[in-house]
Amino acid sequence: AISSLAFFLGWNHATAFFHANTHQSASPRTLLNVATQEAPPVPEVEGEQPNGTGSEDDGVGMNRDMPQHAKPQSFATKCATLYHPNRGAERGLAPPVYFGSTFLLDDAAHGARLHEKREQPYTDQDGFVYSRWGAPTNEAAALQIAALEGVDDVAKGLGKCLLFNSGMSAITSALMSTLKAGDHAIFPYTVYGGTHEFVTEFAMSWGIEVTFVDAAGPEGPENYKKAFRDNTRVVYTETPANPTMRLTDLEGVGRVVDERYGSADNTPGTDPHDRKRPWVMCDGTFATPYHQRVLDIPGIDVSIHSATKYLGGHSDIIAGSVTSRSEPFLHGCSKVQKLITVPLNPMDSFLLARGMRTLDVRMQRHGENAMKVAKMLEAHPMVAETFYPGLDSHPDRYLADSIFSSGRDVDSDDDEVKQTYGGMISFITLGEGEDALRRARNVCERLRVINLAVSLGGVESLCEHPASMTHTMIPREQRLAGGLHDGLIRISVGLERGKDLVEDLKNALDLCDEDGCDV
């Protein structure tokens, strides 16, 4: 896997860039020699200039990878010919966007090899064939997420990442690659509404048995353990939970899974459906790898993110990622992506990679602002409860410091890193039933700096009311059982001035009743 630094070195030709960083040999058509970064020799065709382009400095810019092609002479053929920039483009600092849907082949045997390969996230020495099976810009962004997830470390074990066209596409692909009719899966009560909808409206109708548990706090691992069956194939976690901000003890979950089912068998070349130990998955969208690298936790197999959120960070793309160290899982997920779901398109892959360049500094500011907002909410008389992992009042505060690493590296000094706890806050307005619903809606609609909108993790602050917006598809009884109160409001704290956000929320809370709150 690639280091996050290497992604920005600006090697402009895809195969030279990717294979240099995955310790694989370059494609036969590589423009640069990955060891010397010099152009490889081009064989001459009798009666033609090399590559049919004329001299090296003639500016024609024909495709230098296809020496058998003649220089076009007719107007129509010139129109239909692929013209490429002269050498030197690989020195562009920013990585390019590759929009091509298909890729040149050396010969028929080359095409045969590409079609016979076992599906995997990244290309090998044979390069790319078709963008639904893998594309350069997508792969570059995936390599960077893999590095942020920590699976670029040989000592810990190498892994790979797949990028999808949405967070839900990532979630459903991970589940479809590991579950089949007759299998059993365990999910937390408090899970993203789209995940819940897929499980109840699709997976269960396909013959997959599902159990929901309370995954939060010290009893979370034991609650999972009580739900184990012989046919359990997926143990799904989401931490911090959306939208309650409750935390799951992932080390405890991994431990109880190991105690019941033993260690994982990830023999390369095997079928992910054949493994007897359940696949332990974690949706860590709220924390991001800045705070939580779940694949470093023993027993956790799969890390999932809605990259639409903090990883992209600018509310301008829809994307999702799935990362793992397991070759069988990555093969199964790649096959689902190839045949059912969709890889992230080149332009959004580029934007995602650009957004990740500032993830470290953005997450720091999100956390600093969120603590200011959380303290105000906790003190406001119209707020019944505030859920923020950095507050002493949070029910899972004992887990927070071990989960929220705040970008620390192994060799980081304490004075280098300011401890933060993410940018997501939930709070409950005072009252019950209809009173709570009305007050929560009023707060959301009277904000003047914070935006009323779904999603999260962008530079701008957003608020939403789950009971009337994102979680309306969950029955009220189940919603309440998972901690989703009628008056619960979720805030994604952005990068604005912290004081502006505090004042905006305070004013909206002061006016949360029709005639104003008696404060």
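FYI, side chains are in, hydrogens and waters are out, and symmetry mates aren't considered; it's all heavy atoms of this structure.
A salt bridge does not link Arg325 to Glu149: none of the charged nitrogens lies less than 4.0 Å from a carboxylate oxygen. A salt bridge is defined here as a Lys NZ or Arg NE, NH1 or NH2 lying under 4.0 Å from an Asp or Glu carboxylate O, and Arg277 with Asp265 fails to meet this definition. Between Arg246 and Asp214 there is no salt bridge, since no side-chain nitrogen of the basic residue lies less than 4.0 Å from a carboxylate oxygen of the acidic one. Using a 4.0 Å cut-off between charged nitrogen and carboxylate oxygen, Asp486 and Arg476 count as a salt-bridge pair.
A donor-acceptor pair shorter than 3.5 Å cannot be found between the side chains of Ser173 and Gln337. At a cut-off of 3.5 Å, with distance as the only test, no side-chain donor of His366 or Thr420 sits close to an acceptor on the other residue. Looking only at atom types and distance, the side chain of His184 has a donor-acceptor partner in the side chain of Thr232 under 3.5 Å away. Between the side chains of Glu327 and Asn266, no donor-acceptor pair of N or O atoms lies under 3.5 Å. A side-chain N or O of Tyr290 and one of Gln364 form a donor-acceptor pair less than 3.5 Å apart. Of the N and O atoms on the side chains of Arg260 and Tyr224, not one donor lies less than 3.5 Å from an acceptor on the other residue. Under the 3.5 Å distance criterion, with hydrogens and angles disregarded, no donor-acceptor pair is assigned to the side chains of Glu238 and Thr195. Using modelled atom types, one finds a donor on one side chain and an acceptor on the other under 3.5 Å when comparing Gln419 with Arg408. With 3.5 Å as the limit, one finds no donor-acceptor pair spanning the side chains of Glu385 and His485. With 3.5 Å as the limit, one finds a donor-acceptor pair spanning the side chains of Ser169 and Asn165. If you check the side chains of His331 and Ser334, you find no donor sitting under 3.5 Å from an acceptor.
Val302 has its side chain within reach of Val322: a pair of non-hydrogen atoms, C-beta onward, lies under 4.5 Å apart. Side-chain contact between Ile489 and Ile491 is present, with at least one heavy-atom pair separated by less than 4.5 Å. For the pair Tyr236/Val280, no side-chain contact is recorded, criterion being any heavy-atom separation below 4.5 Å from C-beta on. Proximity of Leu377 to Ile425: side-chain heavy atoms (C-beta onward) are separated by under 4.5 Å at one or more points. Residues Val129 and Thr102 are not in side-chain contact: their nearest non-hydrogen atoms beyond the backbone lie 4.5 Å or more apart. For the pair Asn242/Arg490, a side-chain contact is recorded, criterion being any heavy-atom separation below 4.5 Å from C-beta on. Put simply, the side chain of Phe103 reaches to within 4.5 Å of the side chain of Ser131, judged on heavy atoms.
Of the possible polar contacts, none joining the Asn138 side chain to the Pro346 backbone as a donor-acceptor pair under 3.5 Å is found. Of the possible donor and acceptor atoms, none in the side chain of Arg233 sits under 3.5 Å from a partner among the backbone N and O of Pro278. At least one donor-acceptor pair under 3.5 Å links the side chain of Ser324 to the backbone N or O of Asp301. Side chain of Thr178 to backbone of Ala174: a donor-acceptor contact under 3.5 angstrom is found. Proximity of a side-chain donor or acceptor of Arg132 to a complementary backbone N or O of Lys338 within less than 3.5 Å is detected.
The distance from the CZ atom of Arg113 to the CG atom of Asp126 is 4.0 Å, given to the nearest 0.5 Å. Separating the OG atom in Ser306 from the CD1 atom in Ile318 is a distance of 7.0 Å, to the nearest 0.5 Å. To the nearest 0.5 Å, atoms CG (Leu148) and NE2 (His305) are separated by 9.0 Å. Between atom OH of residue Tyr192 and atom OG1 of residue Thr285 there is a gap of 9.5 Å, rounded to the nearest 0.5 Å.
Other residues, nucleotides and ligands contribute more than 12 heavy atoms inside 6.0 Å of the OH atom of Tyr398. Other residues, nucleotides and ligands contribute over 12 non-hydrogen atoms within 6.0 Å of the NZ atom of Lys117. Within a 6.0 Å sphere centred on NZ of Lys375, other residues, nucleotides and ligands contribute 12 heavy atoms or fewer. Atom CG of Asp230 sits in a sparse spot, with 12 or fewer heavy atoms from other residues, nucleotides or ligands closer than 6.0 Å.
The side-chain tip of Arg275 points at the ring of Trp279 from less than 6.0 angstrom away and within 45° of straight on.
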Notebook entry, point to check: Does the pair Asp183 and Lys180 meet the rule for a salt bridge (charged side-chain N to carboxylate O under 4.0 Å, His left out), with working shown?
Noted result: CA-CA 6 Å; Asp183 288 345; Lys180 63 181 184 300; 3.7 Å; yes

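The aromatic rings of Trp133 and Tyr130 sit perpendicular, their planes meeting at an angle over 60°, well past the 30° parallel limit. Under the 30°/60° scheme for interplanar angles, the aromatic rings of Phe212 and Phe187 are found to be tilted. Taking the six-membered ring where the residue is Trp, Phe404 and His291 present perpendicular rings, their angle passing 60° and hence far from 30°.
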